[in-house]
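Working notes for the structure below.
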Amino acid sequence: MGVLNVTPDSFSDGGRWLDPDAALRHGLAMVADGADVVDVGGESTRPGAEPVPVDEELRRVVPVIEALAPHVRVSIDTRTAAVAEAALSAGATLVNDVSASLSAVAADGGAGWVAMHMQGDPRTMQQAPAYDDVVADVRRFLVERASAARDAGVEEVWVDPGIGFGKTVDHNLALLRHLADLVATGFPVVVGTSRKSFLGLLTASVHGRRAGPDDRLEASVATAAWAIDQGAAMVRVHDVGETVAAARLLAGTVGRA
Ligand code: HH2
């Protein structure tokens with residue numbers, strides 16, 4: 001899943017794809033690089049981000065979805081029902097839902113649904129994240145939401161631990177280390193580590209400085225490869241070509257039976 005943020009303020013690519021033509025070109029480039037899905041988002045959910053008015057979110061994403069949908073499967077990355085509905089009408093077939101609350105929209109529209117775990121909301125989620133047992137708590141939440149969605153008629157339900165959404169570095173690492181627990185639920189798992197700030201902190205111990213978003217490629221690819229190896233069915237990434245190359249390398253060498 002390639003990330004296409006049509007926003008002025010996303011943490012790593014804010015402002016780069018705000019122009020619809022530039023967004024379309026970048027989406028098609030990710031397809032050429034091997035993306036099976038392009039995830040279009042019109043609202044940043046980085047820590048501290050403020051909500052975007054619905055009209056503005058629609059203005060950003062709908063033209064880009066209409067232009068991309070004939071070429072590739074499109075998912076809509078939103079927390080807002082009206083935006084998810086409009087995106088499905090424009091040609092998206094997957095609702096990527098960081099709020100894990102829009103399953104009814106997916107059911108009504110005959111679309112797939114990604115339920116992601118988030119503690120709190122983007123404005124405040126990194127202030128003091130706390131869990132009894134992060135792996136068990138996230139798993140329980142996702143199985144509850146995913147099972148309810150399936151019972152309500154959503155045929156394609158994915159789960160995502162929500163790396164960086166109300167989690168400390170240790171929480172993120174525990175979720176990655178125990179990804180197999182989530183895979184064992186039987187729901188296909190999506191993982192998004194790409195360029196996230198915990199990678200900057202991890203590489204600080206290697207490089208002696210904290211890496212910025214554009215300097216987290218190796219850590220992004222390494223953690224995506226780890227997720228795939230642990231059984232994730234999809235990884236959400238900015239750097240599609242590099243990630244696909246790494247995944248193919250592993251599948252064709254180490255992973256070959
Ligand atoms: N992460 C982000 C946004 N959407 N969706 C899923 N399913 N999983 C994720 O981990 C995930 C997500 C945040 O990353 P990004 O879109 O690059 O940044 P921003 O929220 O600033 O636009």
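Here the structure is a predicted model, which is why all the values come from computation and not from measurement. Start at 1 and go down the list; that is how both ligands and their atoms are numbered.
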So, [X] and [Y]: side-chain donor and acceptor under 3.5 Å apart, yes or no?
X: S99; Y: D97; answer: yes
X: R195; Y: S220; answer: no
X: D39; Y: S75; answer: yes
X: E57; Y: T78; answer: yes

Is a side-chain donor or acceptor of D239 paired with a backbone partner of E242 at a separation under 3.5 angstrom?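 Absent.
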
Using a 3.5 Å distance criterion without hydrogens, assess whether the side chain of N5 forms a donor-acceptor pair with backbone atoms of V40. no

For [atom], closest protein heavy-atom neighbour:
atom: atom 22 (O) of ligand 1; answer: S10 OG, 2.5 Å
atom: atom 4 (N) of ligand 1; answer: D77 OD2, 2.9 Å
atom: atom 17 (O) of ligand 1; answer: H238 NE2, 2.8 Å
atom: atom 21 (O) of ligand 1; answer: S44 OG, 2.7 Å
atom: atom 10 (O) of ligand 1; answer: K196 NZ, 2.7 Å

List every atom of ligand 1 that sits less than 4.0 Å from any heavy atom of [X], numbering the atoms from 1 in the order shown and giving each element.
X: G192; value: 10 (O)
X: N5; value: 15 (P), 16 (O), 17 (O), 18 (O), 22 (O)
X: V98; value: 4 (N), 5 (N), 12 (C)

Contact check: [X] vs ligand 1, nitrogen or oxygen atoms, below 3.5 angstrom:
X: T45; result: yes
X: R236; result: yes
X: F11; result: yes
X: D13; result: no
X: S12; result: no

Can you find a pair of side-chain heavy atoms, one from P122 and one from R46, that are under 4.5 Å apart? no

Evaluate whether atom CD of E155 has more than 12 neighbouring non-hydrogen atoms of other residues, nucleotides or ligands under 6.0 angstrom away. no

Would you say [X] touches ligand 1, if touching means a heavy atom closer than 4.0 Å?
X: W158; value: no
X: M1; value: no
X: D160; value: yes

Backbone, side chain, both or neither: what part of [X] comes under 4.0 angstrom of ligand 1, heavy atoms only?
X: R46; answer: both
X: R195; answer: neither
X: N96; answer: side chain
X: V191; answer: neither

Plane angle bin for W17 and H26 - parallel if under 30°, tilted between 30 and 60°, otherwise perpendicular: parallel

Give me the one residue out of V105, L102, V83 that meets side-chain contact (heavy atoms from CB on, under 4.5 Å) with I76.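 Of the listed residues V105, L102, V83, the side-chain contact (heavy atoms from CB on, under 4.5 Å) partner of I76 is V83.
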
Is it the case that one hydrophobic cluster holds both L94 and V235, taking links as side-chain heavy atoms less than 4.5 Å apart, direct or via other members? no

Assess whether ring pair (Phe, Tyr, Trp, His ring centres under 6.0 Å) is satisfied between F165 and H117, documenting all intermediate values. CA-CA 7 Å; F165 285 83; H117 177 275; 9.4 Å; no

